[in-house]
Visitor: 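The following block contains the structure, expressed as structure tokens.
One is the number of the first residue; the rest follow in order along the sequence.
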Amino acid sequence: MKYVEAKKRYGQNFLKSREVLEKIANAIIIHENDLVIEIGPGMGALTEYLYQKHSFLLCYEIDTRMQEFLEKYNTEKSKVIYDDFLKREILLDINKFPYEKVYVVANIPYYITSSIITKLLELSIFEKIVLLVQKEVAQRITSSAHSKEYNAFTLYVDYYYEAELLFFVDRNQFTPAPKVDSAVVKLIKKENVPVQNKEFYFQFIKEAFSSKRKTLKNNLKNYDWEKIKGILERLGYTENVRAEEIRKEDFYQLVCLYEKEAI
């Protein structure tokens with residue numbers, strides 16, 4: 001098989017372990033009437049396993065050098081679009097498939113991980129998402145209160161999806177080997193969002209975590225602290241609490257009660 005040299009500007013690191021590729025492809029149950037989206041298939045290492053599911057398959061590849069490897073996946077049930085995933089109108093693309101449920105399974109570039117995850121979450125149409133990402137990002141997404149990785153992005157992802165860390169992948173499983181290890185995470189869509197006013201919630205948690213060394217009181221100077229203090233006490237926290245000490249479910253309660261009491 002011909003090998004294509006990885007381009008740094010595309011953040012390409014090709015996963016070579018067939019065992020890991022198979023584990024990623026089998027991380028969720030996919031039926032023939034479902035649609036799977038793969039972002040950055042490269043030479044088609046993971047695509048090969050996804051194609052064997054016989055479901056609908058849509059791949060986004062920005063590097064046109066990969067056409068000779070991916071053209072065989074342009075069939076009646078699958079399609080490869082050579083374009084930047086972040087610039088595509090995804091809803092228009094997937095509406096061309098008569099699918100029942102839609103999933104994402106992908107090994108995504110490290111340098112645009114946050115942008116891709118943000119786009120996937122904002123679309124809010126995927127039943128489950130399986131991503132191979134930088135180990136640090138995976139730990140942040142799946143972290144809990146009191147851990148050093150826990151931050152606003154953790155809560156941002158948790159607003160839409162339940163996150164689970166499936167397994168780690170050593171850097172030497174890639175060509176070329178990246179400078180860090182990786183991990184595979186699975187996101188499962190929540191049936192109901194925990195806070196109705198998501199714009200207010202996202203702004204609130206952004207400010208709550210704006211300076212991790214400071215207390216919540218010092219980070220939330222633009223809010224009515226007396227109301228926040230009263231809610232924190234009801235939830236079992238002191239007024240000197242830091243954002244990373246507050247559990248996800250309590251952040252939802254805090255914002256919901258604050259909005260209710262702020263009217």
Side-chain angles (χ1 to χ4, degrees), residues 1-30 36-53 57 59-73 80 82 84-86 103-120 126 128-144 147-151 153-154 157 161 163-188:
M1 177 179 174
K2 181 182 174 183
Y3 177 77
V4 175
E5 185 178 352
K7 282 192 175 181
K8 193 172 183 180
R9 69 186 175 110
Y10 291 143
Q12 291 172 332
N13 299 97
F14 302 118
L15 182 58
K16 58 187 179 182
S17 168
R18 297 189 72 82
E19 179 185 354
V20 175
L21 288 163
E22 190 169 8
K23 283 176 69 176
I24 294 171
N26 292 332
I28 53 177
I29 297 173
I30 300 167
V36 180
I37 291 179
E38 184 185 5
I39 305 161
M43 290 179 281
L46 179 58
T47 317
E48 177 185 345
Y49 290 95
L50 296 176
Y51 187 73
Q52 292 171 11
K53 303 291 182 183
L57 177 62
C59 304
Y60 291 93
E61 177 54 59
I62 196 171
D63 190 350
T64 55
R65 297 178 303 157
M66 304 301 174
Q67 282 185 271
E68 63 178 296
F69 304 98
L70 299 176
E71 277 307 296
K72 61 184 176 182
Y73 300 114
V80 182
Y82 298 97
D84 185 346
F85 172 80
L86 293 175
Y103 303 96
V104 175
V105 181
N107 167 19
I108 59 178
Y110 292 159
Y111 78 106
I112 51 172
T113 294
S114 294
S115 298
I116 290 176
I117 292 176
T118 298
K119 180 164 185 172
L120 294 175
F126 307 106
K128 294 176 184 175
I129 299 171
V130 174
L131 299 175
L132 175 60
V133 297
Q134 187 174 332
K135 180 180 177 181
E136 180 185 335
V137 174
Q139 291 174 320
R140 186 178 306 139
I141 290 172
T142 58
S143 65
S144 301
S147 65
K148 64 179 182 179
E149 296 87 4
Y150 187 64
N151 66 5
F153 192 68
T154 310
V157 174
Y161 286 81
E164 178 184 355
L165 199 159
L166 298 184
F167 56 90
F168 295 110
V169 182
D170 187 89
R171 67 192 73 182
N172 294 315
Q173 300 290 350
F174 297 84
T175 302
K179 295 180 180 178
V180 294
D181 293 326
S182 300
V184 177
V185 295
K186 178 164 69 173
L187 307 179
I188 303 171

Visitor: Could you check whether any side-chain N or O of K135 sits under 3.5 Å from a backbone N or O of D181, counting only pairs where one atom can act as donor and the other as acceptor?
Guide: no

Visitor: Measure the spacing between CD1 of I108 and CD1 of I129 and express it to the nearest 0.5 Å.
Guide: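 It is 9.5 Å, given to the nearest 0.5 Å.
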
Visitor: Answer yes or no: are there more than 12 heavy-atom neighbours, outside K72 itself, under 6.0 Å from its atom NZ?
Guide: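 Counting neighbours around NZ of K72, 12 or fewer heavy atoms of other residues, nucleotides or ligands fall under 6.0 Å, so no.
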
Visitor: So do the side chains of P41 and L70 get within less than 4.5 Å of each other, counting heavy atoms only?
Guide: yes

Visitor: When you look at E38 and L46, which way does the side chain to side chain contact (heavy atoms under 4.5 Å, CB included) test go after all the steps?
Guide: CA-CA 9 Å; E38 184 185 5; L46 179 58; 3.5 Å; yes

Visitor: Do you know the tightest heavy-atom contact between L187 and A163?
Guide: CD2-CB, 3.5 Å

Visitor: Looking at every heavy atom in both L165 and Q139, which two are closest together, and how far apart are they?
Guide: CD1-CG, 4.3 Å

Visitor: Would you say CD of E19 has more than 12 non-hydrogen atoms from neighbouring residues, nucleotides or ligands within 6.0 angstrom?
Guide: no

Visitor: Which heavy atom in A183 sits nearest to a heavy atom in F168, and how many Å separate them?
Guide: CB-CD2, 3.7 Å

Visitor: With side-chain contact (heavy atoms from CB on, under 4.5 Å) as the test, pick out the partner of I116 among T113, T118, L120.
Guide: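 That would be L120.
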
Visitor: Would you find a donor on one side and an acceptor on the other, under 3.5 Å apart, between the side chain of E61 and the backbone of D63?
Guide: yes

Visitor: Is there a side-chain contact between T47 and L57 in this structure, where contact means two heavy atoms from C-beta onward sitting under 4.5 Å apart?
Guide: yes

Visitor: Side chain to side chain contact (heavy atoms under 4.5 Å, CB included), that's the test. Do V20 and F167 meet it? Break it down for me.
Guide: CA-CA 10 Å; V20 175; F167 56 90; 4.0 Å; yes

Visitor: Passes side chain to side chain contact (heavy atoms under 4.5 Å, CB included), E48 versus Y73? Steps please.
Guide: CA-CA 9 Å; E48 177 185 345; Y73 300 114; 3.6 Å; yes

Visitor: Any ion pair linking R18 and E22 (charged N to carboxylate O, less than 4.0 Å)?
Guide: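 No, E22 and R18 are not salt-bridged.
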
Visitor: To the nearest 0.5 Å, what is the distance between OG (S182) and CG (L131)?
Guide: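 Between S182 OG and L131 CG, I get 12.0 Å after rounding to 0.5 Å.
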
Visitor: Could you tell me which non-hydrogen atom of I30 sits nearest to which non-hydrogen atom of A25, and how far apart they are?
Guide: CD1-O, 4.5 Å

Visitor: Nearest 0.5 Å, what's the CD-CZ distance between Q67 and R65?
Guide: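 Between Q67 CD and R65 CZ, I get 12.0 Å after rounding to 0.5 Å.
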
Visitor: Identify the two heavy atoms, one from M43 and one from M66, that lie closest to each other, and give their separation to 0.1 Å.
Guide: CG-SD, 3.7 Å

Visitor: Any luck finding a side-chain donor-acceptor pair between K53 and N26 under 3.5 Å?
Guide: yes

Visitor: What heavy-atom pair brings K16 and N172 nearest, and what distance separates the two atoms?
Guide: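 That would be CE-O, 3.1 Å.
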
Visitor: Considering the options L50, I28, V104, which one meets the side-chain contact (heavy atoms from CB on, under 4.5 Å) requirement together with V36?
Guide: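 That would be L50; it is the only one of L50, I28, V104 passing the side-chain contact (heavy atoms from CB on, under 4.5 Å) with V36.
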
Visitor: Between V169 and F174, does a side chain to side chain contact (heavy atoms under 4.5 Å, CB included) hold up when you go through it step by step?
Guide: CA-CA 9 Å; V169 182; F174 297 84; 3.8 Å; yes

Visitor: Please report the interatomic distance OH(Y49) to NZ(K23), rounded to the nearest 0.5 Å.
Guide: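 It is 13.0 Å, given to the nearest 0.5 Å.
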
Visitor: Rounded to the nearest 0.5 Å, what separation is found between the CG atom of N151 and the CZ atom of R140?
Guide: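 That separation rounds to 5.5 Å.
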
Visitor: For the atom pair CD1 (I37) and CZ (F85), what is the distance rounded to the nearest 0.5 Å?
Guide: 6.0 Å

Visitor: State, with a plain yes or no, whether a side-chain heavy atom of V180 is found less than 4.5 Å away from one of Y110.
Guide: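 They are in contact (side-chain heavy atoms under 4.5 Å apart), so the answer is yes.
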
Visitor: For T142 and E164, indicate whether the former's side chain and the latter's backbone hold a donor-acceptor pair under 3.5 Å.
Guide: no

Visitor: Under the 3.5 angstrom rule, does the side chain of N13 hit a backbone N or O of P176 as a donor-acceptor pair?
Guide: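 Side chain of N13 to backbone of P176: a pair is present.
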
Visitor: Decide yes or no for L86 and K119: does some side-chain heavy atom of the first lie under 4.5 Å from some side-chain heavy atom of the second?
Guide: yes

Visitor: State, with a plain yes or no, whether a side-chain heavy atom of I24 is found less than 4.5 Å away from one of L15.
Guide: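 Yes, at least one pair of side-chain atoms sits under 4.5 Å.
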
